[in-house]
Every structure is written in C-alpha cells, then in structure tokens.
Engineer: 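Supplied in structure tokens, the structure appears directly below.
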Amino acid sequence: MSGEINSRNEEGDKKREGEQKTEVVKRRLLARIQASCHLRSKSAQSSMLLIVIVIMIFVGLAVFLLGLASTVGGNEFTALYVNNLLLSVMRTDTGYTDSKCKLVSDLVFCAYFTPEWQCGPGVPNCLELANNTITNYMAIFGNATKSMKYLFTVTPAFVVRDPSGEPISLDIGDNTLKKSKTDTLKLYSHPLVISKSVGSNQYTLKIQLIISKK
Amino acid sequence: MDCKILGARFPSVQRKGQSEIMEYILMVVFIVAAIIAIIIFLTWWNLQQFQMDAFKNRQDRVVGIGQYIMGDYMFTNGDSVFDDAKLTAINASMSCDDLQKILGTNWYVKIKALDMAGEKPCKWNDYPDCNVWSICTYKENAKDRLGQNFPVNVYRKVSDKTALGVLYVEVYS
C-alpha cells in the first residue's frame with residue numbers, strides 16, 4: 001500500500017515540476033514577443049521623429065534663404081537717397097535775404113544758437129521758421145515723390161549737455177524716430193558738418209537725417 | 001486574422017507582413033515627395049536669384065546714370081546742384097544720341113524743380129518760367145521699367161536762388 005502511495009506521490013511531483021517548467025517557458029516566450037513588439041513601436045517612433053526633424057531643417061533653410069533674399073540689394077541707392085535729401089534740403093533757399101536766414105542750413109544754425117532771432121519784421125523767430133520751412137519742403141518733396149517719416153537732428157560739434165546729462169540737440173520732424181525700435185526700414189544719413197563764423201568765434205554743427213517708411 | 005500563441009493573442013504573420021509593406025510604401029512616397037519638393041524649391045530659388053540679379057543690375061544702372069548726371073559739370077554747378085540755364089541749353093542743343101554714346105541706350109531722365117506748381121517743360125521760349133527738363137524721350141511701350149527719384153537742387157540763374165528738385169532716372173529694355 002505504502003509503496004503504491006509513494007509512487008503516486010512521485011508521479012504527482014513530476015507532473016507538477018513539468019507544469020511549472022512549461023509555465024516558465026511560456027512566460028519567457030511571452031516576454032520575448034512583447035519585447036520585440038515594444039522595440040518595433042520604438043523604431044517607428046524614432047523614424048517619425050527623424051522625419052519631423054528633416055522637415056524642420058528644410059523649413060528653417062527656406063526661411064533663412066528667403067530672409068537673406070529680402071535684405072540684399074538697394075543699399076547704394078538708399079544711402080545716396082538719404083544723403084542727397086539732407087544736402088538738398090539744407091542747400092535750398094528760404095526766400096529771406098537776411099544772412100542768418102538765406103539758406104535752410106543758415107536757418108538751422110540760427111535756430112540752434114539764436115532761436116529768438118527774427119529774419120524780418122513780422123516774420124516768426126528762427127526756431128519756428130526753421131520748423132515751418134523744413135516741414136513745408138519735406139511736404140513738397142513728399143508730394144513729388146512719396147511721403148515718409150523724417151527727423152533732422154542738430155547737435156554741436158562740441159558736446160553741450162543738459163542737466164540730465166543728455167546732449168542738447170535741436171530736433172525737427174518726427175521725434176518718435178529717434179528712440180523707436182519698431183520702424184523696420186530706418187535710414188541714417190552721414191552727419192553733415194556746417195561751420196559758421198560769428199564775430200571772432202567759429203561754430204560748428206552736425207546735422208543728421210533719419211527717414212523711415214510711413 | 002489574429003493567432004493565439006501560448007494562450008495570448010498576436011497579429012498573424014500575414015498581417016504583420018502587410019503592415020510592413022505599407023510602412024515601406026509610405027516611406028518611399030514620403031521620400032519621393034520630399035525629393036520633388038526640394039527640386040521645385042531649388043528651381044524656384046534659382047529663378048528668384050536670376051530675377052533679383054536682373055533687378056540689381058538695373059538698379060545699379062539707374063544709380064550709375066543718376067550719379068553721372070549729378071556730378072557732371074555739363075549739367076550742374078557742383079555736387080547735385082543743377083543749373084537751369086545749362087539744362088535748358090542742353091535740351092535745345094544736344095541730341096539724345098550724343099549722351100547715349102556715353103551712358104548707353106534705353107534710359108530716360110527728367111529733372112523737376114519744385115519751386116513751381118505743376119509741370120512746365122523748359123524750352124528757349126519758356127525759360128525761366130518753366131520747371132521740367134527731359135533728357136531723351138520717354139517710351140510708352142518699353143518693358144522692364146525701373147525708375148528712381150533722387151533729391152537734388154536746381155539753381156535758378158535769373159533769380160539767383162537754389163530750389164529743391166527731383167531727378168528721375170528710368171531704365172528699360
């Protein structure tokens with residue numbers, strides 16, 4: 001009896017061992033299949049990422065080349081234009097015969113050093129007249145070609161500073177152009193230096209023109 | 001059809017193969033589309049470059065003609081100050097062919113003094129009550145026109161005054 005029982009127990013143990021081994025193999029196989037599926041999805045993800053990166057590189061290249069194209073050209077013309085505009089306005093006659101007011105440049109000089117001077121009886125003072133004359137000439141020029149924002153800044157060759165430490169300058173035109181960073185196409189002329197002798201003293205002024213599209 | 005391996009469900013080998021083929025087809029389509037897009041972009045870019053070069057050449061020519069006329073003592077008293085007497089004399093005595101020998105063909109120049117309203121062409125009979133001088137003739141049917149305005153001064157000899165003016169230079173093909 002006991003021998004039979006023993007042999008049955010042994011058979012049962014073997015069966016259990018076999019089942020356990022099958023279970024282990026099954027789990028390992030499942031794990032391998034799952035891992036290979038995981039790897040496949042990862043490779044798909046990486047190829048998608050690669051495609052996105054390539055597209056981004058192409059878009060970036062296109063934007064860079066287009067940006068480069070828009071900035072090329074027109075530099076010589078614009079430099080000539082802004083410098084000629086400053087010179088032409090300054091050399092134009094005002095219509096007054098007083099030596100302090102004959103040309104626009106004389107008027108600017110007068111407006112900086114003697115702003116209260118009057119070019120004739122019943123005529124506005126130099127500062128007001130300079131403002132009016134330049135505004136009028138720029139409007140005439142704008143009507144003949146195209147209107148633009150402009151600013152004439154007049155500073156002395158020697159540095160004179162106001163109490164806040166800023167150099168004293170005479171500005172005629174659109175003051176926002178001086179500090180504005182939003183104006184896309186802002187053009188600066190070369191400073192025009194004009195000198196004048198008053199008595200035994202020599203005075204020098206620097207005039208610069210800034211223009212921008214309206 | 002899905003198949004069962006050791007009790008778990010997995011896509012059949014046939015289905016996996018199909019999806020792989022689809023993946024390759026999509027990849028090939030994408031690569032071909034990318035190559036075509038690159039070819040189109042590069043062709044367009046080349047055309048743009050040609051057009052830009054052509055524009056730059058014409059603009060250089062406009063600036064060149066403008067600078068020549070503004071600096072020549074035949075027309076001016078100095079740097080960009082045109083003399084109305086000289087301009088009127090040139091208009092009456094010189095032909096366009098003479099200037100075309102120096103500056104080439106296919107261009108047109110107009111100088112306008114801004115001290116008068118409107119436009120009054122300058123001839124011997126009208127001088128000095130006029131404000132427009134044209135050098136060479138304006139062609140209506142010309143192609144590829146490019147014109148630029150330059151601020152200048154015009155010296156009025158009779159009144160001894162300097163007026164604001166505009167020099168208009170145009171080139172065409």
Side-chain angles (χ1 to χ4, degrees), chain A residues 22-23 25-30 32-34 36-37 40 43-44 47 51 54-55 58-59 61-62 65-66 68-70 72-95 97 102-104 136-146 209 211, chain B residues 5-8 10-11 16 19-20 23 26-27 30-31 34 37-38 41-42 44-45 48-49 51-53 55-60 62-64 66-67 70 78-81 112-117 119 146 148-156 159-169:
Chain A
T22 316
E23 194 63 33
V25 169
K26 198 176 163 184
R27 273 184 202 159
R28 279 182 188 164
L29 241 163
L30 271 173
R32 273 189 195 175
I33 290 163
Q34 276 174 352
S36 89
C37 281
R40 189 173 289 277
S43 79
S47 63
I51 288 165
V54 168
I55 289 169
F58 274 114
V59 169
L61 196 71
L65 289 174
L66 287 175
L68 199 74
S70 66
V72 174
N75 288 340
E76 200 184 345
F77 168 71
T78 49
L80 188 68
Y81 185 91
V82 70
N83 287 320
N84 255 30
L85 183 57
L86 173 64
L87 273 174
S88 301
V89 171
M90 288 299 137
R91 282 191 303 219
T92 305
D93 262 284
T94 58
T97 48
K102 195 174 183 308
L103 302 178
V104 175
N136 184 30
Y137 283 163
M138 289 304 283
I140 290 171
F141 190 78
N143 288 337
T145 58
K146 57 182 176 187
L209 173 63
I211 59 170
Chain B
I5 299 170
L6 302 169
F10 291 100
K16 264 179 17 181
S19 70
E20 271 177 18
E23 213 172 90
L26 274 174
M27 201 67 182
F30 174 76
I31 290 167
I38 291 166
F41 175 73
L42 288 177
W44 172 81
W45 179 252
Q48 289 291 312
Q49 286 296 314
Q51 281 174 358
M52 221 164 70
D53 282 349
F55 176 78
K56 203 174 176 300
N57 284 342
R58 280 188 294 151
Q59 198 173 45
D60 284 349
V62 167
V63 172
Q67 277 180 324
M70 282 189 272
D79 198 15
S80 310
V81 182
K112 184 182 173 188
L114 300 175
D115 55 353
M116 282 172 77
E119 288 192 8
L146 179 69
Q148 302 280 16
N149 285 303
F150 297 92
V152 290
N153 288 116
V154 178
Y155 174 66
R156 298 296 209 164
S159 58
D160 187 28
K161 278 183 181 163
T162 307
L164 197 63
V166 177
L167 166 71
Y168 177 74
V169 182

Engineer: Chain A heavy atoms under 4.5 Å from Tyr155(B): which part of the residue, side chain, backbone, both or neither?
Structural biologist: neither
Engineer: What's the verdict on side-chain contact (heavy atoms from CB on, under 4.5 Å) for Ile55(A) and Phe30(B), showing C-alpha distance, side-chain angles and the deciding distance?
Structural biologist: CA-CA 11 Å; Ile55(A) 289 169; Phe30(B) 174 76; 4.1 Å; yes
Engineer: Given a strict heavy-atom distance threshold of 4.5 Å, which part of Asp60(B) is in contact with chain A: side chain, backbone, both, or neither?
Structural biologist: side chain
Engineer: Could you pull out all residues at least two apart from Tyr81(A) that satisfy ring pair (Phe, Tyr, Trp, His ring centres under 6.0 Å)?
Structural biologist: Phe77(A)
Engineer: Has Asn84(A) got a side-chain atom pairing as donor or acceptor with Pro151(B)'s backbone, closer than 3.5 angstrom?
Structural biologist: yes
Engineer: Counting C-beta onward and ignoring hydrogens, is there a side-chain heavy-atom pair between Glu76(A) and Gln67(B) closer than 4.5 Å?
Structural biologist: yes
Engineer: If you count heavy-atom pairs within less than 4.5 Å of chain A, which of Val154(B), Ile38(B), Val62(B) leads?
Structural biologist: Ile38(B)
Engineer: Check each atom of Asp160(B) against the heavy atoms of chain A and say whether the ones under 4.5 Å are side chain, backbone, both or neither.
Structural biologist: backbone
Engineer: With respect to chain B, which residue among Leu80(A), Ile140(A), Val89(A) yields the maximal number of heavy-atom pairs within a distance under 4.5 Å?
Structural biologist: Leu80(A)
Engineer: Pick out which of Leu85(A), Asp93(A), Thr92(A) makes a side-chain contact (heavy atoms from CB on, under 4.5 Å) with Leu164(B).
Structural biologist: Thr92(A)
Engineer: As an exercise, state the distance from OG1 of Thr94(A) to NZ of Lys161(B), rounded to the nearest 0.5 Å.
Structural biologist: 8.5 Å
Engineer: Which region of Val104(A), side chain (C-beta onward) or backbone (N, CA, C, O), has a non-hydrogen atom less than 4.5 Å from a non-hydrogen atom of chain B, or is it both or neither?
Structural biologist: neither
Engineer: To the nearest 0.5 Å, what is the distance between CZ (Arg91(A)) and CG (Asn153(B))?
Structural biologist: 5.0 Å
